[in-house]
Chemist: 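Supplied in structure tokens, the structure appears directly below.
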Number of protein chains: 2
Amino acid sequence: MKRSLEHIEYKEDTEALAKFAKALGHPTRIAILKHLENQSCCFTGDLVDVFPLAQSTVSQHLKELKNAGLIQGELKPPKIKYCIDQENWNIAKSLFQKFFD
Amino acid sequence: MKRSLEHIEYKEDTEALAKFAKALGHPTRIAILKHLENQSCCFTGDLVDVFPLAQSTVSQHLKELKNAGLIQGELKPPKIKYCIDQENWNIAKSLFQKFFD
DNA sequence: TTAGTTTATCGCCAATAGACGATAGGTTTA
DNA sequence: TAAACCTATCGTCTATTGGCGATAAACTAA
């Protein structure tokens, strides 16, 4: 994008909401989060079994969810346990709530 | 994306939520919608004045919001009046609500 | 009919996203 | 130590996104 440097300034809430929404903007990531809500937590391998996607692809989606703050990874060697990041989850929840009135 | 043809099948709600989220995944579009919530309605030209973006860019964002169903355009020649699509807005609202529990 | 106004679309370009296979980096177990 | 297991990262590819200017399309007003 040509204007990536001379960035438009938006309100903090607007940026935050867009960031969360962007992370939710792919059905696989929605499905991952729904899965995490049910199971409360799970490992990467569990998800690779659930979705017909390469392990690297699932890992990439997890990374994006983690970057958005929606999930967090806990080292349980040799596995990694992913859970909803409850704090940011609540922030996202209230941002969407407020947005939709 | 290599697998765009052999698409994964997700639940209807998952697809719908991802579609709405994707449309919300850009700060400009969030800002446009917030503006529409305040003004209830507005014309393309109004938004072009508000945002430091080319007219074609604003038009493009409006198109994406319309494709997602979040807004609708009403012909008021020679202008076009954009408003929130209340029906789909409520659908989106409840999908996000349900998603976040 | 002509000119002006308003918005959508087209064509282009750079950057990002989404998929994959292959590889690397841990940890556990034999 | 060696082998096995689990996950992240790298490199590559294609599709999509987001920006712009220029142009087209549709309507109004002179």
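The sequence lines fix the lettering, A, B, ..., with proteins before strands; numbering per chain opens at 1.
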Chemist: Can you tell me if A:H26 touches the phosphate of C:dA19, counting only side-chain N or O atoms and a distance under 4.0 Å to OP1 or OP2?
Modeler: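 Yes, A:H26 has a side-chain N/O under 4.0 Å of OP1/OP2 on C:dA19.
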Chemist: Mind listing the residues from residues 59-70 of chain B sitting with a heavy atom below 4.0 Å of DNA chain D? Number order is fine.
Modeler: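 Contacts with DNA chain D under 4.0 Å: B:H61, B:E64.
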Chemist: Could you walk me through whether B:W89 and A:F99 pass ring pair (Phe, Tyr, Trp, His ring centres under 6.0 Å), step by step?
Modeler: CA-CA 11 Å; B:W89 185 267; A:F99 178 71; 5.4 Å; yes
Chemist: Measure the distance from NZ on B:K22 to C1' on C:dT16 and round it to the nearest whole Å.
Modeler: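 For the pair B:K22 NZ and C:dT16 C1', the rounded distance is 12 Å.
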Chemist: So does A:A23 get a backbone contact from the side chain of A:R29, meaning a donor-acceptor N/O pair under 3.5 Å?
Modeler: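 Present.
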Chemist: Check the distance between C:dA8's P and B:K81's NZ and give it to me in whole angstrom.
Modeler: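 One finds 15 Å between P of C:dA8 and NZ of B:K81, rounded.
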Chemist: For B:H61 and B:H26, take the angle between the two ring planes, folded into 0 to 90°, and tell me which bin it lands in: parallel under 30, tilted 30 to 60, perpendicular over 60.
Modeler: tilted
Chemist: Output yes when a side-chain donor or acceptor of B:N88 lies under 3.5 Å from a complementary backbone atom of B:I91, and no otherwise.
Modeler: no
Chemist: Go through residues 29-43 of chain B and report each residue with a non-hydrogen atom lying under 4.0 Å from DNA chain C, sorted by number.
Modeler: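 Those residues are B:F43.
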Chemist: For each nucleotide in nucleotides 21-30 of chain D, reading 5' to 3', give B when a protein heavy atom comes within less than 4.0 Å of its base, S when such contact involves only the sugar-phosphate, and - otherwise.
Modeler: BB----S---
Chemist: For the atom pair CG (B:L33) and CD1 (B:I84), what is the distance rounded to the nearest 0.5 Å?
Modeler: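 Going from CG on B:L33 over to CD1 on B:I84, the span is 5.0 Å.
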Chemist: Under the 6.0 Å and 45° cation-pi test, does A:K79 pair with A:F43?
Modeler: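 Yes, a cation-pi geometry.
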